[in-house]
Amino acid sequence: MKHLIVGLGNIGPEYELTRHNIGFLVLDKLADDKGVSFNSGRYANTAEVKHKGRQLFLIKPTTYMNLSGKAVNYWMKELKIPKENILVIVDDIALPFGKLRMRAKGSAAGHNGLKNIEELTGGQDYPRLKFGVDNNFRPGQQVDYVLSNFNKEEFNFLPEKIDKAIEMIYSFASIGIARTMNQFND
């Protein structure tokens with residue numbers, strides 16, 4: 001069984017450790033744990049790992065956040081992976097820092113990367129793993145906030161939260177979204 005695991009983020013060193021790049025950070029750690037590297041592919045950097053007999057195709061779109069749907073749509077069709085076997089890892093300002101919540105579908109909630117995925121894949125019915133980055137910003141400062149680096153305290157907790165996100169990805173691929181949500185969502 002094949003799964004497409006999409007980590008959202010922006011390419012370039014200036015974005016590397018920003019809140020908006022949590023999807024990239026999670027996939028980087030997963031690939032590192034499995035001893036694989038990302039390769040340049042069409043619209044995305046890609047890697048492939050195996051877990052409990054499942055093939056996980058990891059993609060980090062190189063289209064920048066707001067055009068993430070272009071990469072998701074291309075790789076979904078290229079690899080012939082149905083929408084229910086896609087998991088998008090995304091930052092979420094509506095959740096406290098480090099809170100992880102998996103959903104089978106849902107609205108973009110103002111997230112431009114998710115909006116573009118919805119537009120290009122035909123709807124909101126794809127699984128996503130939301131990684132809470134908090135909302136510690138003044139009105140009108142949302143963009144600056146998500147494009148800023150994690151603070152020192154958050155950075156100290158990041159490895160533990162990223163490892164939990166990876167556990168949830170493996171669970172999604174092996175036992176499905178319903179059981180994963182029951183087991184991991186608070």
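The structure displayed is predicted, hence computed values, not measured ones.
The environment of E14 atom CD is dense: over 12 non-hydrogen atoms of other residues, nucleotides or ligands sit within 6.0 angstrom. Residue F137 places its CZ atom among more than 12 non-hydrogen atoms of other residues, nucleotides or ligands, all under 6.0 Å distant.
At a threshold of 4.5 Å between non-hydrogen side-chain atoms, the residues L67 and P61 do not count as touching. Residues I5 and F57 have side chains not in contact (no heavy-atom distance under 4.5 Å, counting atoms from C-beta outward). Taking the side chain as every heavy atom from C-beta outward, D33 and I166 approach each other to under 4.5 Å. Residues L129 and I169 are in side-chain contact: their nearest non-hydrogen atoms beyond the backbone lie under 4.5 Å apart. A 4.5 Å side-chain heavy-atom check between N45 and F24 finds every atom pair outside the cut-off. In this structure, L30 and I162 have side chains that are not in contact, with every pair of non-hydrogen atoms separated by 4.5 Å or more. Side-chain contact between V88 and L8 is present, with heavy atoms from C-beta onward closer than 4.5 Å. Annotation: side chain of L100 is not in contact with side chain of K130 (no heavy-atom distance under 4.5 Å).
Ion pairing between E78 and K80 fails under the 4.0 Å rule for side-chain N and carboxylate O. Using a 4.0 Å cut-off between charged nitrogen and carboxylate oxygen, E154 and K161 do not count as a salt-bridge pair. A salt bridge does not link D92 with R101: every distance from a Lys NZ or Arg NE/NH1/NH2 to an Asp or Glu carboxylate oxygen is 4.0 Å or more.
A donor-acceptor pair under 3.5 Å links the side-chain atoms of T180 to the main chain of F172, judged by distance alone. Proximity of a side-chain donor or acceptor of W75 to a complementary backbone N or O of K70 within less than 3.5 Å is not detected. Put simply, the side chain of E84 never gets that close to the backbone of Y126: no donor and acceptor are under 3.5 Å apart. Under a 3.5 Å cut-off, the side chain of K60 and the backbone N or O of G9 do not form any donor-acceptor pair. S171 contributes no side-chain N or O that, together with a main-chain N or O of M168, makes up a donor-acceptor pair within less than 3.5 Å. Between the T63 side chain and the A71 main chain, no donor and acceptor come within less than 3.5 Å of each other. A donor-acceptor pair is defined here as one N or O able to donate and one able to accept, closer than 3.5 Å; such a pair exists between the side chain of N85 and the backbone of K2. Between the side chain of R103 and the main chain of R128, no donor-acceptor pair closer than 3.5 Å is present. At least one donor-acceptor pair under 3.5 Å links the side chain of N21 to the backbone N or O of Y15.
Annotation: the span from R19 atom CZ to L25 atom CG amounts to 12.0 Å, rounded to 0.5 Å. To the nearest 0.5 Å, atom CG of residue L158 and atom CD1 of residue I22 are 4.5 Å apart. With rounding to the nearest 0.5 Å, the separation of CZ in F97 from CG in D91 is 12.0 Å. Taking CG of L27 as the reference point, atom CG of L58 lies at 5.5 Å (rounded to 0.5 Å). To the nearest 0.5 Å, atom CG of residue L114 and atom OG1 of residue T121 are 10.0 Å apart. With values rounded to the nearest 0.5 angstrom, E118 atom CD is found 12.0 Å from S68 atom OG.
Nearest heavy-atom pair across P127 and K83 is CD-O, 3.4 Å. M102 and M181 get closest at one heavy-atom pair: O-SD, 3.2 Å. Across all their heavy atoms, D163 and K29 have their closest contact at OD1-NZ, 3.0 Å. Across every non-hydrogen atom of N66 and N112, the tightest pair is OD1-CB, 3.1 Å. Among all heavy-atom pairs drawn from I93 and V146, the shortest one is CG2-CG1, 3.7 Å. What you find for E48 and V36 is that their closest heavy atoms are O-CG1, 3.9 Å.
Under the 4.5 Å side-chain heavy-atom criterion for grouping Ile, Leu, Val, Met, Phe, Trp and Tyr, Y145 is not connected to L95 through any hydrophobic cluster. There is no path of hydrophobic side-chain contacts, each under 4.5 Å, that joins Y43 to F38. When the side chains of ILVMFWY residues are joined at heavy-atom separations under 4.5 Å, either directly or via intervening members, I59 and L56 end up in two distinct hydrophobic clusters. Using a 4.5 Å cut-off between side-chain heavy atoms of Ile, Leu, Val, Met, Phe, Trp and Tyr, with links allowed through other members, V72 and M65 fall into the same hydrophobic cluster. Under the 4.5 Å side-chain heavy-atom criterion for grouping Ile, Leu, Val, Met, Phe, Trp and Tyr, F157 is connected to F131 within one hydrophobic cluster.
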* F155 vs F150, ring pair (Phe, Tyr, Trp, His ring centres under 6.0 Å): CA-CA, chis, key distance, verdict -> CA-CA 6 Å; F155 202 73; F150 291 99; 7.3 Å; no
* **Stepwise side-chain contact (heavy atoms from CB on, under 4.5 Å) test for H111 and V90** => CA-CA 9 Å; H111 194 288; V90 61; 3.2 Å; yes
* side-chain contact (heavy atoms from CB on, under 4.5 Å) evaluation trace for I86 with M76 -> CA-CA 8 Å; I86 294 171; M76 188 174 87; 3.0 Å; yes
